[in-house]
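These values consider heavy atoms only, across backbone and side chains, with no hydrogens, waters or symmetry-generated copies. This one's a predicted model, so the numbers in the text were calculated from it and none came from an experiment.
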Amino acid sequence: MDTSAPINLRYEDIALGAEFETAVHTVTEADIAVFADVTRDHHPLHVDGAYARSRGFPAVIGHGLFGLSLMEGLKSELKLYEETSVASLGWDEVKFKGPIVAGDSLRVRFRFVEKRPTKNPARGIVVETLDLLNQRDEVVTAARHISLILTRQAGAAAVT
């Protein structure tokens, strides 16, 4: 796990068009099984290798929401908003474009595409587009994420 200091981007620091890429995570059958247990979704595609192979996959496949969750987790390891994130406001345009197979090495590439102030001057809204890519650079999951983050004014108010 990365123990480097957080970057803590604030609303004013967000440069539209800026791109980031995360570290790689290799998905294991155990990762998929734990997600199945937590979500109570034990469909055989996710827990039974023979069944998954009978459906044309080389191994068990991750849930679509596993991929979406992994996108957020990998992105959070960058510590861009470690202490400046207020809330996730939602995910839009989520597309499961390809299977996540046990053994895949996945990473996230994302870009800031939009930002706007809120009524509260201590907070701003930031929109990112994200792609979860496998080891062959194929997009397996794509989405837009909306975040609420602190502004510099919020930081100044905390000091006074």
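The side-chain heavy atoms of Val60 and His46, taken from C-beta on, include no pair separated by under 4.5 Å. Counting only heavy atoms from C-beta outward, the side chains of Leu16 and Val113 never approach each other to under 4.5 Å. For the pair Ile146 and Val126, the minimum side-chain heavy-atom distance is 4.5 Å or more. Residues Phe112 and Val127 form no side-chain contact, since every pair of their non-hydrogen atoms from C-beta on lies 4.5 Å or further apart. When side chains are defined from C-beta on, Val24 does not count as touching Leu106, because their heavy atoms never get closer than 4.5 Å. Contact check for Leu74 versus Phe110: no side-chain heavy atoms found under the 4.5 Å cut-off. Looking only at side-chain heavy atoms (C-beta outward), Leu133 and Glu138 stay at 4.5 Å or farther from each other. Side-chain atoms of Ile149 and Arg123, non-hydrogen and from C-beta on, never get closer than 4.5 Å to each other.
The two atoms that bring Gly124 and Thr118 nearest to each other are CA-CG2, 4.1 Å, heavy atoms only. Residue Gly67 comes nearest to Thr141 through the heavy atom pair CA-OG1, 4.4 Å, listed as atom of the first residue, atom of the second, then distance. When all heavy atoms of Glu82 and Asn8 are compared, the pair lying nearest together is N-OD1, 3.3 Å. The heavy-atom pair separating Glu29 from Ala102 by the smallest distance is CG-CB, 3.5 Å. The minimum heavy-atom distance between Ser88 and His145, with the atom names listed, is OG-NE2, 2.7 Å. The nearest pair of heavy atoms linking Ile32 to Ile61 is CG2-O, 3.6 Å.
In the hydrophobic clustering of ILVMFWY residues, with side-chain heavy atoms under 4.5 Å counting as a link, Val94 and Leu132 come out together. Under the 4.5 Å side-chain heavy-atom criterion for Ile, Leu, Val, Met, Phe, Trp and Tyr, Ile100 and Val139 are members of distinct hydrophobic clusters. Met71 and Tyr81 end up in the same hydrophobic cluster when Ile, Leu, Val, Met, Phe, Trp and Tyr side chains are linked at under 4.5 Å. Cluster membership check: Ile7 shares its hydrophobic cluster with Leu130, using side-chain heavy-atom separations under 4.5 Å among Ile, Leu, Val, Met, Phe, Trp and Tyr.
Here Arg111 contributes atom CZ and Arg144 contributes atom CZ; the two are 9.5 Å apart, rounded to the nearest 0.5 Å. Interatomic distance, Asp92 CG to Thr129 OG1, rounded to the nearest 0.5 Å: 12.0 Å. Taking OG of Ser147 as the reference point, atom CD1 of Ile125 lies at 10.0 Å (rounded to 0.5 Å). Note that the CG atom of Asp13 and the CG atom of Leu150 stand 11.0 Å from one another [nearest 0.5 Å].
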Given the rule in the side-chain contact (heavy atoms from CB on, under 4.5 Å) test, do Arg10 and Thr151 qualify, once you have shown the distances and angles that lead to the verdict?
-> CA-CA 5 Å; Arg10 292 186 181 267; Thr151 65; 5.8 Å; no
Take Asp31 and His25 through the test side-chain hydrogen bond (donor to acceptor under 3.5 Å, both in side chains) and record every step on the way to the result.
-> CA-CA 11 Å; Asp31 291 339; His25 174 75; 2.8 Å; yes
Report the C-alpha distance between Glu128 and Lys75 in whole Å, list the side-chain angles of each, state the deciding distance to 0.1 Å, and finish with yes or no for side-chain contact (heavy atoms from CB on, under 4.5 Å).
-> CA-CA 11 Å; Glu128 309 152 345; Lys75 188 179 66 148; 2.6 Å; yes
Checking side-chain hydrogen bond (donor to acceptor under 3.5 Å, both in side chains) for the pair Thr26/Ser105: CA distance, chi angles, key distance, verdict?
-> CA-CA 4 Å; Thr26 300; Ser105 293; 2.8 Å; yes
Leu65/Thr39 under side-chain contact (heavy atoms from CB on, under 4.5 Å): CA gap, chis, key distance, verdict = CA-CA 10 Å; Leu65 294 176; Thr39 61; over 6 Å; no
Could you walk me through whether Phe20 and Val108 pass the side-chain contact (heavy atoms from CB on, under 4.5 Å) test, one step at a time?
-> CA-CA 8 Å; Phe20 295 84; Val108 177; over 6 Å; no
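Sequence neighbours left out, not one pair with a member in residues 35-56 passes salt bridge (charged side-chain N to carboxylate O under 4.0 Å, His left out).
Taking the ring centre of Tyr11 as origin, the terminal cationic atom of Lys115 falls inside the region bounded by 6.0 Å and 45° from the ring axis.
Between Phe35 and Phe66, the angle of the ring planes goes over 60°, which puts this pair in the perpendicular group of the 30/60° scheme. The aromatic rings of His43 and Tyr51 sit perpendicular to each other, their planes meeting at more than 60°, with 30° as the lower class boundary.
Scanning for ring-ring contact (aromatic ring centres under 6.0 Å, His included) contacts around Phe96 gives an empty result, with sequence neighbours left out. Under the ring-ring contact (aromatic ring centres under 6.0 Å, His included) criterion, Phe57 pairs with no residue, sequence neighbours left out.
Here Lys79 does not pair with Glu77 in a salt bridge; the nearest charged N to carboxylate O distance is not below 4.0 Å.
Arg107 pairs in a side chain to side chain donor-acceptor pair (under 3.5 Å) with only one of the listed residues (Asn134, Thr22, Asp137, Asp131), which is Asp137.
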